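Note sheet for the following structure.
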Amino acid sequence: MMNGNEYKESLRKIHPTIYYMGEKIDCVVDHPMIKPHVNSAAMTYDLACDPMYENLMTATSHLTGKKVNRFTHIHQSIEDLVNKVKMMRMIAQKTGTCFQRCVGFDAMNATFITTYNMDKKYGTNYHERFKKWMTYVQENDLMIAGAMTDVKGNRSLKPSKQADPDLFTHVVEKREDGVVICGAKAHMTGMANSHEMLILPTTNLLEGDQDYAIACAVPVDAEGITHIFGRQTNDQRRLQGDLDTGNSEYAIVGGETLTVLDHVFVPWDRVFMCGEVDFAQDYVARFAAYHRQNYGGCKVGNSDVLIGATSMIAKMNGTRKNSLIKDKLTEMIHLAETMYCCSLACSYEGVKEEAGSYYVNTLLANEVKLNCTRNMYEISRLAHDIAGGFIATLPHEWDLNNPETGKWIEKFFVGNEEYTARDRIKIARLLENMSGGTALAESMHGAGSPQAMKVMILRESNVEQKEQFAMDLAHVKL
């Protein structure tokens with residue numbers, strides 16, 4: 001296993017084509033816009049090397065029998081599913097942000113089950129290919145970006161009906177030695193500082209969509225791939241200092257890219273699905289359930305930090321002992337722990353698949369994320385309510401550091417005299433950045449928008465059985 005520094009050095013050895021603000025980035029480890037995201041991902045490597053966190057951060061590979069970083073592990077028990085959630089909450093408490101490895105983690109686990117099921121039906125050898133690649137990932141402790149979301153074009157049309165076929169990733173050529181793919185993957189968390197990507201289909205596919213039923217592993221610096229690093233709310237503050245970013249070491253959210261695939265060659269031993277449209281929906285649903293499980297871990301860990309910042313700002317404002325403030329803080333805690341309970345529940349209710357790995361309870365996993373789309377907004381609203389409006393109008397940190405203006409800021413932004421104005425501003429900036437803009441949009445749309453969860457909840461909830469319960473009690477026979 002690698003530690004954080006070894007992970008950073010491994011990134012220096014690869015050379016993806018990445019652009020930001022119209023300029024090509026030479027090294028993500030040193031670039032001020034991406035460096036905090038690299039630091040956050042590095043935490044997942046350092047913690048795995050810390051004996052204090054070994055139980056959460058590592059597991060024994062069922063492929064090699066060796067100890068591996070949990071982010072490269074295929075779940076082998078209920079305990080693995082539970083430890084995943086606990087691990088994510090713990091890391092989020094230490095970083096206050098996204099640490100980016102869970103998308104690839106979930107993609108790998110979904111692929112393990114789906115390739116087994118495809119082989120069983122069609123006699124293909126996808127599963128053995130995938131296990132060989134997984135062994136390579138584990139032995140090299142690679143960070144894998146899960147690449148699922150396509151740009152989608154006209155949402156009312158299936159992939160093969162789009163005016164531009166590249167709006168969904170697809171195979172444009174099958175060769176004796178592999179396939180060539182075109183398209184793009186959007187909102188790619190952690191892609192800029194990953195080693196490889198695992199490409200999955202993004203939606204249910206129908207007859208005629210065979211070229212879009214593609215799953216494969218590709219190095220992030222493969223020929224034909226261009227990454228365009230996305231903007232975030234307040235991102236330029238990173239180029240102007242540390243204080244106003246709120247979390248200068250680890251940033252806010254995960255650092256996403258638009259990843260363009262322009263005639264990218266993939267050898268057959270890295271292709272794990274090619275044309276099996278009847279497995280696309282199940283593939284997507286499994287990935288989504290695994291990924292939605294996470295939100296009661298990572299988002300609750302982030303909420304722990306945000307709740308702590310809100311409590312501190314109340315102390316600095318002199319309002320922490322007020323009963324109304326206590327009640328609002330209690331509500332924030334309640335909302336966060338409700339999400340955590342759902343994540344634990346979907347893990348404890350997990351089942352062993354025929355492939356041998358463990359899968360979460362789909363219904364409860366979707367409940368996790370649907371709660372998150374609402375609860376994170378309410379937690380943030382309450383944080384704003386308690387903190388006060390000054391978090392939205394604070395002066396620039398350059399003015400705080402200027403002797404001519406800083407003395408006035410230090411004088412007039414003091415609240416409770418037990419705390420300095422500078423410390424009050426630091427906490428306020430952390431709260432401001434964690435509770436608005438990109439962070440909230442990601443809570444809404446990451447791992448799927450609310451309607452996607454509602455579709456799955458209705459599908460998985462067995463309403464017909466509930467109808468039967470009612471008819472039995474009312475003595476209705478149809």
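Source: prediction; values computed, not measured.
- Counting non-hydrogen atoms of other residues, nucleotides and ligands closer than 6.0 Å to NZ of Lys328 gives a total above 12.
- Within a 6.0 Å radius of CG in Asp164, more than 12 heavy atoms belonging to other residues, nucleotides or ligands are found.
- Residues Val284 and Thr202 share a closest heavy-atom pair of CG2-C, 3.8 Å.
- For the pair Lys369 (side chain) and Gly446 (backbone), a donor-acceptor distance under 3.5 Å is present.
- Checking Asn366 against Glu460 by side-chain atom types alone, no donor-acceptor pair falls below 3.5 Å.
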Exercise for the section: Kindly determine whether Leu47 and Met90 satisfy side chain to side chain contact (heavy atoms under 4.5 Å, CB included), including the steps that lead there. Expected result: CA-CA 10 Å; Leu47 290 173; Met90 180 270 293; 3.8 Å; yes
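- One N or O on the side chain of Asn154 and one on the backbone of Ser156 form a donor-acceptor pair closer than 3.5 Å.
- Arg292 contributes atom CZ, which lies 11.5 Å from atom SG of Cys346 (distance to the nearest 0.5 angstrom).
- Remark: Asn109 CG to Phe105 CZ distance equals 5.5 Å, nearest 0.5 Å.
- Remark: side-chain polar atoms of Ser380 are not paired, donor with acceptor, to backbone N or O of Tyr377 under 3.5 angstrom.
- A heavy-atom distance below 4.5 Å is found between the side chains of Met444 and Pro450.
- The aromatic rings of Trp133 and Phe272 lie tilted to each other, with the angle between the two planes from 30° to 60°.
- The main-chain N or O of Ala192 is never found under 3.5 Å from a side-chain atom of His37 such that the two would form a donor-acceptor pair.
- Phe168 places a side-chain heavy atom less than 4.5 Å from the side chain of Thr203.
- To the nearest 0.5 angstrom, Met143 atom CE is 10.0 Å from Ser10 atom OG.
- For Val264 against Ala222, the heavy-atom pair with the smallest separation is CG1-CB, 4.4 Å.
- Considering all non-hydrogen atoms of both residues, Leu335 and Asn375 come closest at O-ND2, 3.2 Å.
- Tyr212 and His170 have parallel rings, their planes meeting at less than 30° on a 0 to 90° scale where 60° marks the start of perpendicular.
- Proximity of Met434 to Asn247: side-chain heavy atoms (C-beta onward) are nowhere separated by under 4.5 Å.
- Side chain of Asn69 to backbone of Thr44: a donor-acceptor contact under 3.5 angstrom is found.
- Of all heavy-atom pairs spanning Val103 and Thr189, the tightest one is CG2-CB, 4.3 Å.
- Of all heavy-atom pairs spanning Gly350 and Leu81, the tightest one is CA-CD1, 4.0 Å.
- A donor and an acceptor atom, one from each side chain of Thr17 and Thr226, are nowhere located under 3.5 Å apart.
- The number of heavy-atom neighbours closer than 6.0 Å to NZ of Lys158, taken from other residues, nucleotides and ligands shown, is above 12.
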Practice task
Could you go through the side chain to side chain contact (heavy atoms under 4.5 Å, CB included) check for Glu432 and Asn234 one step at a time?
Solution key: CA-CA 10 Å; Glu432 175 205 12; Asn234 298 337; 4.1 Å; yes
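- Enclosure of atom NZ in Lys35 is not indicated, since only 12 or fewer non-hydrogen atoms of other residues, nucleotides or ligands lie within 6.0 angstrom.
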Practice task
Dump the intermediate steps for side chain to side chain donor-acceptor pair (under 3.5 Å) on Asn39 and Glu249, then the final yes or no.
Solution key: CA-CA 7 Å; Asn39 291 340; Glu249 188 171 3; 5.3 Å; no
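- The closest side-chain heavy-atom distance from Tyr45 to Met2 is below 4.5 Å.
- The two residues Arg320 and Ser311 have their closest heavy-atom pair at NE-OG, 2.8 Å.
- Side-chain atoms of Asn317 and Asn416, non-hydrogen and from C-beta on, never get closer than 4.5 Å to each other.
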Exercise for the section: Under the side chain to side chain contact (heavy atoms under 4.5 Å, CB included) rule, what do Arg422 and Leu243 come out as? Steps first, then yes or no, please. Expected result: CA-CA 9 Å; Arg422 182 175 290 268; Leu243 192 151; 4.1 Å; yes
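- The aromatic rings of His75 and Tyr290 sit tilted, their planes meeting at an angle between 30° and 60°.
- For the pair Arg286 and Tyr359, the cation-pi test (distance below 6.0 Å, angle within 45°) is passed.
- Under the 4.5 Å side-chain criterion, counting only non-hydrogen atoms from C-beta, Leu431 is in contact with His384.
- With a 4.5 Å cut-off on side-chain heavy atoms, Met376 and Met339 count as touching.
- Checked against side chain to side chain donor-acceptor pair (under 3.5 Å), Thr95 has no partners two or more places apart in sequence or in another chain.
- Using a 4.5 Å heavy-atom threshold, the side chains of Phe71 and Met87 count as touching.
- Under a 3.5 Å cut-off, the side chain of Ser77 and the backbone N or O of Asp80 do form a donor-acceptor pair.
- Applying the side chain to side chain donor-acceptor pair (under 3.5 Å) definition to pairs two or more places apart or across chains, those involving residues 335-352 are Arg89-Glu337, Gln293-Ser347.
- Between Tyr53 and Thr58, the side chains place no donor N or O within less than 3.5 Å of an acceptor N or O (distance only, hydrogens not considered).
- Ring pair Tyr295/His291 is perpendicular by interplanar angle, where above 60° counts as perpendicular and below 30° as parallel.
- Taken from NZ in Lys94 to CG in Asp304, the straight-line distance is 12.0 Å, to the nearest 0.5 Å.
- A donor-acceptor pair shorter than 3.5 Å cannot be found between the side chains of Lys8 and Asn193.
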